[in-house]
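Take a look at the structure below.
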Amino acid sequence: MELKNKVALITGASKGMGQSIAVALAKEGCSVIINFKSDSVSARAVLEECNKYSNGNLVLQADVSNEIEVKTMFEKIKKTFKHLDILINNAGIFDDNDSPSNIDAFENIYRNNFLSSIIVTKYALKLLKIGKIVNMSSIHGRLGYGRPTAISYSAFKAALENYTKNLAKALAPKILVNAIAPGRVMTSMWGKLNNKEQQELGKAHLIKRMIKPDEISNGVVFILKNDAICGEILTIDGGYSLLTLD
Ligand SMILES: NC(=O)c1ccc[n+]([C@@H]2O[C@H](COP(=O)([O-])OP(=O)(O)OC[C@H]3O[C@@H](n4cnc5c(N)ncnc54)[C@H](OP(=O)(O)O)[C@@H]3O)[C@@H](O)[C@H]2O)c1
């Protein structure tokens with residue numbers, strides 16, 4: 001698919017991978033819709049960066065786990081663009097209280113990392129008739145397990161991958177649906193890390209460093225440009241998954 005002049009919604013684009021994806025798509029000539037939940041200052045900075053490369057870019061606040069807010073966001077998208085070509089379901093959270101006995105954490109992760117993508121996709125499909133959807137999974141979803149301290153995170157990323165494949169079957173050939181499963185990416189999701197902490201986390205990968213957000217957004221652009229990738233989960237994990245057995 002030629003990306004120039006396409007309209008792309010990226011959820012959770014005020015920082016991290018979403019920011020990198022928004023800028024990468026603007027560089028390809030897309031009009032990008034930068035969704036965010038709470039950090040309007042960062043979202044505006046992403047908009048300014050995107051405006052250097054493409055026209056018609058927009059910032060829209062909405063909590064994507066809240067159907068009413070998503071509905072309102074899509075009313076605004078419809079008024080401005082009439083249609084959508086690309087949806088990147090990227091927004092997500094990590095919950096430090098994630099544990100086998102914490103139902104609140106399960107519900108929080110379920111709403112923000114899984115149900116959110118389903119809600120956004122439901123409204124996107126009213127405007128997106130031909131195009132692409134990319135969901136943001138995790139290597140924890142890809143492998144089917146993760147850390148016990150991320151038990152609900154792993155479970156709902158695995159659910160997102162299952163949803164991705166069935167959605168791909170439902171929507172092809174007009175809409176191609178795929179996902180990306182990153183390893184440890186250097187974003188604010190990890191909090192503020194000093195160099196030593198980054199190095200420690202990077203040791204989990206064969207590449208012996210954390211992954212850069214741009215190495216994920218390159219993968220998104222690759223998937224979007226290729227019209228033969230359908231129902232795929234692209235692993236970008238620096239070899240992390242190969243290190244789980246020795
Ligand atoms: N970082 C990693 O190592 C890693 C690895 C594998 C997968 N992932 C996945 O990659 C995605 C992006 O992660 P990241 O590391 O880039 O995270 P990040 O730096 O913490 O950024 C998260 C983004 O999501 C937005 N967001 C969170 N909840 C939202 C909601 N309910 N509605 C709308 N926006 C929401 C945040 O908006 P505000 O800041 O405005 O609130 C922010 O823009 C997530 O799905 C995550 O699970 C991350």
Side-chain angles (χ1 to χ4, degrees), residues 9-24 32-47 59-74 87-96 98 107-120 123 134-143 146-147 150 152-161 163-164 179-193 197-198 200-202 204-205 209-217 219-220 233-238 240-241:
L9 167 63
I10 304 105
T11 67
S14 59
K15 50 176 72 87
M17 280 182 250
Q19 167 180 3
S20 178
I21 295 164
V23 173
V32 294
I33 303 158
I34 299 153
N35 159 258
F36 72 101
K37 181 178 172 186
S38 53
D39 189 351
S40 61
V41 174
S42 297
R44 297 240 147 247
V46 177
L47 176 68
V59 166
L60 288 178
Q61 191 280 334
D63 175 347
V64 291
S65 70
N66 179 321
E67 184 165 0
I68 295 167
E69 292 191 23
V70 171
K71 190 166 182 265
T72 306
M73 174 171 76
F74 274 96
L87 166 63
I88 313 293
N89 277 315
N90 165 75
I93 59 163
F94 191 79
D95 189 329
D96 290 332
D98 201 354
E107 194 157 343
N108 189 28
I109 292 283
Y110 161 70
R111 296 197 68 82
N112 284 282
N113 286 6
F114 183 57
L115 185 65
S116 51
S117 296
I118 292 163
I119 295 172
V120 173
Y123 287 92
V134 179
N135 296 324
M136 197 55 74
S137 181
S138 157
I139 194 58
H140 293 279
R142 187 82 293 261
L143 293 179
R147 283 173 281 137
S152 63
Y153 185 87
S154 301
F156 291 115
K157 288 298 190 186
L160 186 66
E161 294 193 10
Y163 168 74
T164 297
I180 293 195
R184 295 174 167 180
V185 188
M186 192 50 241
T187 70
S188 61
M189 187 167 267
W190 291 95
K192 279 199 173 13
L193 299 174
E197 289 165 327
Q198 283 182 39
E200 278 307 309
L201 285 166
H205 300 147
R209 62 168 176 81
M210 291 186 82
I211 297 161
K212 299 170 196 159
D214 288 0
E215 290 169 322
I216 303 300
S217 56
V220 172
I233 316 293
L234 176 64
T235 299
I236 305 180
D237 73 344
Y240 193 5
S241 42

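For clarity, every value in this text was computed on a predicted model and none was experimentally measured. Both ligands and their constituent atoms are indexed starting at 1 by order of listing.
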Check ligand 1 against [X] and write out every atom of the ligand that is under 4.0 Å from a heavy-atom position of the residue.
X: Asn112; result: 31 (N)
X: Asp63; result: 30 (C), 31 (N), 32 (N)
X: Arg184; result: 3 (O)
X: Asp39; result: 38 (P), 39 (O), 40 (O)
X: Met136; result: 9 (C), 10 (O), 11 (C)
X: Pro182; result: 6 (C), 7 (C)
X: Ser38; result: 38 (P), 40 (O), 41 (O)
X: Val64; result: 30 (C), 31 (N), 32 (N), 33 (C)

Does any donor atom in the side chain of Ser20 or Asp214 lie under 3.5 Å from an acceptor atom in the other side chain? yes
Close approach of [X] to ligand 1, heavy atoms, under 4.0 angstrom:
X: Ser42; answer: no
X: Ala13; answer: yes
X: Ala181; answer: no
X: Thr11; answer: no
X: Lys157; answer: yes

Which residue holds the protein heavy atom closest to [atom], what is that atom called, and what is the gap in Å?
atom: atom 5 (C) of ligand 1; answer: Gly183 O, 3.0 Å
atom: atom 11 (C) of ligand 1; answer: Asn90 O, 3.0 Å
atom: atom 28 (N) of ligand 1; answer: Ile93 CG2, 3.7 Å
atom: atom 24 (O) of ligand 1; answer: Gly12 CA, 3.4 Å

Of the backbone atoms (N, CA, C, O) and the side-chain heavy atoms from C-beta on, which set of [X] has a member under 4.0 Å from an atom of ligand 1: side chain, backbone, both, or neither?
X: Asn35; result: side chain
X: Ala62; result: backbone
X: Ser40; result: neither

Who passes side chain to side chain contact (heavy atoms under 4.5 Å, CB included) against Ala158, sequence neighbours left out? none
Side chains of [X] and [Y], heavy atoms from C-beta outward: is any pair under 4.5 Å?
X: Ser14; Y: Lys37; value: no
X: Ile216; Y: Ile211; value: yes
X: Leu193; Y: Met186; value: yes
X: Ser137; Y: Thr164; value: no
X: Thr187; Y: Lys15; value: no
X: Val120; Y: Asn35; value: no
X: Val220; Y: Met17; value: no

Is Asn113 in polar range of ligand 1, meaning some N or O pair under 3.5 Å apart? no
Counting only nitrogen or oxygen atoms and a 3.5 angstrom limit, does Ile139 reach ligand 1?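 N/O-N/O distance under 3.5 Å: no.
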Heavy-atom distance to [atom]: which of [options] wins?
atom: atom 29 (C) of ligand 1; options: Lys15, Lys37, Met17; answer: Lys37
atom: atom 38 (P) of ligand 1; options: Ser14, Ala150, Ser138, Gly16; answer: Ser14
atom: atom 7 (C) of ligand 1; options: Ser117, Ser137, Gly191; answer: Ser137
atom: atom 22 (C) of ligand 1; options: Ala91, Ala22, Gly18, Gly92; answer: Gly92
atom: atom 47 (O) of ligand 1; options: Phe94, Trp190, Tyr153; answer: Tyr153

Got a donor-acceptor contact below 3.5 angstrom from the Ser138 side chain to the His140 backbone?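 Yes, Ser138 side chain to His140 backbone: donor-acceptor pair under 3.5 Å.
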Surrounding CZ of Arg44 (heavy atoms of other residues, nucleotides or ligands, distance under 6.0 Å), is the total greater than 12?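 No, because the 6.0 Å sphere around CZ of Arg44 holds 12 heavy atoms or fewer from other groups.
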Can you confirm whether more than 12 heavy atoms, excluding those of Glu107, are under 6.0 Å from its CD atom? no
